[in-house]
Amino acid sequence: MIITGKDSKDAGLQPAGNLHRRSFLLGATAGLGALALGGCVTNDGMSLAEAEKLYGAVPDKKFPIPAVDISQVDPKYFRRTVRMETDEAPGTIIVDPKNFYVYRIEGEGNATRYGANVGREGFLWSGEAYVGRKAEWPTWTPPREMIKRQPEVAKYARGMPGGPENPLGARTLYLYQNGVYTLYTLYSTSDPESIGSGVTSGCTGLLTQDMIDLYDRTPVKTKVIVLPA
C-alpha cells in the first residue's frame, strides 16, 4: 500500500458518493445485524436514553454530524470507562483488533474503551507507533494499488475533499514510526454496522462521536500500541 500527496492518503478506506460506502467494505459479514437493547437498559447497564444522548447529533463548524442509529450497534461496543491495569502513561492509546476495542489510558487503573472496526484478514498491522499528525474533515486519496484493484476510484486520484461522504469522516489520527507514516490510521466511521467487524484494509474506525472524543483528548506525539490480532 502506497500513500502519496496531501492530507489523508489512507489505503484502508474507500469512498462513498455514487459508490455506496458499504459496497467497498470487502470482508464485512453479511447480516451482521444489531443485538437487541433489552428494553430500556443495555447489557452493560447503560440506559437507552443515556446511549442516545452519548451518540446524539453533534454540531460542527463545517458539517453537521447526525445521531448514530444505536440499534445497529451491539451495546458492548458503546463507550464506557473500564478497569485496566497497565504501566502505560495516561493518554496512551491501545488498539485491540482481536476484540474490536480501542482504549485510552486514563490512569489509576482506568481506561476509556471504544468499540471499533478493524482491518480484514491480510490487512492487519501491529506494533508501537505515535500520532504523527491529526486532521479534521481530511482529504482522502486512494493509493495506486487500490486504483488498480478498483478502477472506479480513479476519479479521486487527486483527492476527495473532506465531508460527510468522505470515507475518513470527521476526524483522523495518523500513526507514525520514526518520522514515517505507517499507513495505519484511526478514523471516524458513520457506518454503525461496521463496529465489531473486520472490514477495512488495515485501519481502525470508531463511531464519529467516539472519534471526536478521542481526537479532542489526543495530542500529536501520543503513544499508540496496536496489539496483534
Side-chain angles (χ1 to χ4, degrees), residues 1 3 5-13 54-55 58 60-62 65 77-119 123-141 162 166-190 194-196 198 200-229:
M1 296 186 292
I3 293 175
K6 59 185 180 180
D7 255 353
S8 80
K9 325 310 188 221
D10 178 23
L13 296 162
L54 188 65
Y55 294 105
V58 179
D60 186 85
K61 60 186 178 183
K62 293 190 70 173
I65 296 168
Y77 295 123
F78 291 160
R79 186 195 325 165
R80 62 178 301 191
T81 299
V82 298
R83 295 295 299 170
M84 189 173 194
E85 298 295 337
T86 177
D87 293 330
E88 298 297 336
T92 301
I93 295 171
I94 299 176
V95 180
D96 180 5
K98 183 177 181 180
N99 294 300
F100 306 104
Y101 289 123
V102 171
Y103 297 85
R104 182 188 185 275
I105 304 304
E106 305 296 350
E108 299 184 351
N110 293 316
T112 300
R113 189 182 72 188
Y114 310 90
N117 65 39
V118 301
F123 288 86
L124 292 165
W125 178 88
S126 63
E128 186 174 309
Y130 61 91
V131 176
R133 61 191 177 100
K134 304 169 57 173
E136 296 186 14
W137 300 106
T139 297
W140 174 79
T141 303
N166 187 301
L168 287 174
R171 306 288 188 272
T172 50
L173 301 175
Y174 300 94
L175 304 192
Y176 281 62
Q177 289 178 321
N178 301 316
V180 179
Y181 178 39
T182 64
L183 308 189
Y184 196 95
T185 299
L186 301 182
Y187 73 100
S188 50
T189 179
S190 59
S194 72
I195 301 301
T200 75
S201 296
C203 299
T204 292
L206 306 183
L207 293 169
T208 300
Q209 285 79 348
D210 284 344
M211 189 62 204
I212 289 175
D213 180 76
L214 181 63
Y215 181 98
D216 288 346
R217 300 195 293 145
T218 301
V220 170
K221 301 300 183 182
T222 293
K223 181 179 180 179
V224 181
I225 300 169
V226 182
L227 302 175

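Using a 4.5 Å heavy-atom cutoff, the side chains of Tyr215 and Leu173 are in contact. Between Tyr101 and Val95, every side-chain heavy-atom pair lies at or beyond the 4.5 Å cut-off. Considering only heavy atoms from C-beta on, Arg133 comes within 4.5 Å of Tyr176 through its side chain. Here the side chains of Val102 and Ile93 are in contact, with some heavy-atom distance below 4.5 Å. With a 4.5 Å cut-off on side-chain heavy atoms, Thr92 and Arg104 do not count as touching. When side chains are defined from C-beta on, Arg113 does not count as touching Met84, because their heavy atoms never get closer than 4.5 Å. You'll find the side chain of Thr200 reaches within 4.5 Å of the side chain of Asn117, heavy atoms only. Side-chain contact between Leu206 and Leu186 is absent, with no heavy-atom pair separated by less than 4.5 Å.
Classification of the Tyr77-Phe100 ring pair by plane angle, with boundaries at 30° and 60°, yields perpendicular. Aromatic ring pairs are classed by plane angle as parallel below 30°, tilted from 30° to 60° and perpendicular above 60°; the pair Tyr184 and Trp125 is tilted.
A distance-only check finds a donor-acceptor pair linking the side chain of Asp60 to the backbone of Lys62 [under 3.5 Å].
Counting heavy atoms of neighbouring residues, nucleotides and ligands inside a 6.0 Å radius, atom CG of Asn178 does not exceed 12 of them.
Here Ile212 contributes atom CD1 and Glu136 contributes atom CD; the two are 8.5 Å apart, rounded to the nearest 0.5 Å. Put simply, CG on Leu183 and SG on Cys203 are 8.0 Å apart, with the number rounded to the nearest 0.5 Å. Rounding to the nearest 0.5 angstrom, the gap separating the OH atom in Tyr103 from the CG atom in Asn110 is 13.0 Å.
Of all non-hydrogen atoms in Gly169 and Pro138, the two that sit nearest each other are O-CD, 3.5 Å. Taking every heavy atom of both residues into account, Ala116 and Ile195 meet most closely at N-CG2, 3.6 Å.
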Pairs of donor and acceptor atoms involving the side chains of residues 218-229, under 3.5 Å and at least two apart or interchain, shall be tabulated with distances.
unit_1	atom_1	unit_2	atom_2	d
Thr218	OG1	Leu214	O	2.6
Thr222	OG1	Pro219	O	2.7
Lys223	NZ	Glu88	OE1	2.9

I'd like to know whether Glu106 forms a side-chain hydrogen bond (donor to acceptor under 3.5 Å, both in side chains) with Thr81, so could you lay out the CA-CA distance, the side-chain angles of the two residues, the decisive distance to 0.1 Å, and finally the verdict.
CA-CA 9 Å; Glu106 305 296 350; Thr81 299; over 6 Å; no
Given the rule in the side-chain hydrogen bond (donor to acceptor under 3.5 Å, both in side chains) test, do Tyr174 and Thr172 qualify, once you have shown the distances and angles that lead to the verdict?
CA-CA 6 Å; Tyr174 300 94; Thr172 50; 3.1 Å; yes
Can you list the steps and then say if Leu54 with Gln209 is a side chain to side chain contact (heavy atoms under 4.5 Å, CB included)?
CA-CA 8 Å; Leu54 188 65; Gln209 285 79 348; over 6 Å; no
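Side-chain rings of Phe78 and Tyr55 approach one another, their centers coming within less than 6.0 Å.
Under the rule for a salt bridge (charged side-chain N to carboxylate O under 4.0 Å, His left out), Asp96 has no partner lying at least two apart in sequence or in another chain. With sequence neighbours left out, Ala170 forms a side-chain contact (heavy atoms from CB on, under 4.5 Å) with Ile65, Trp137, Ser188, Thr208.
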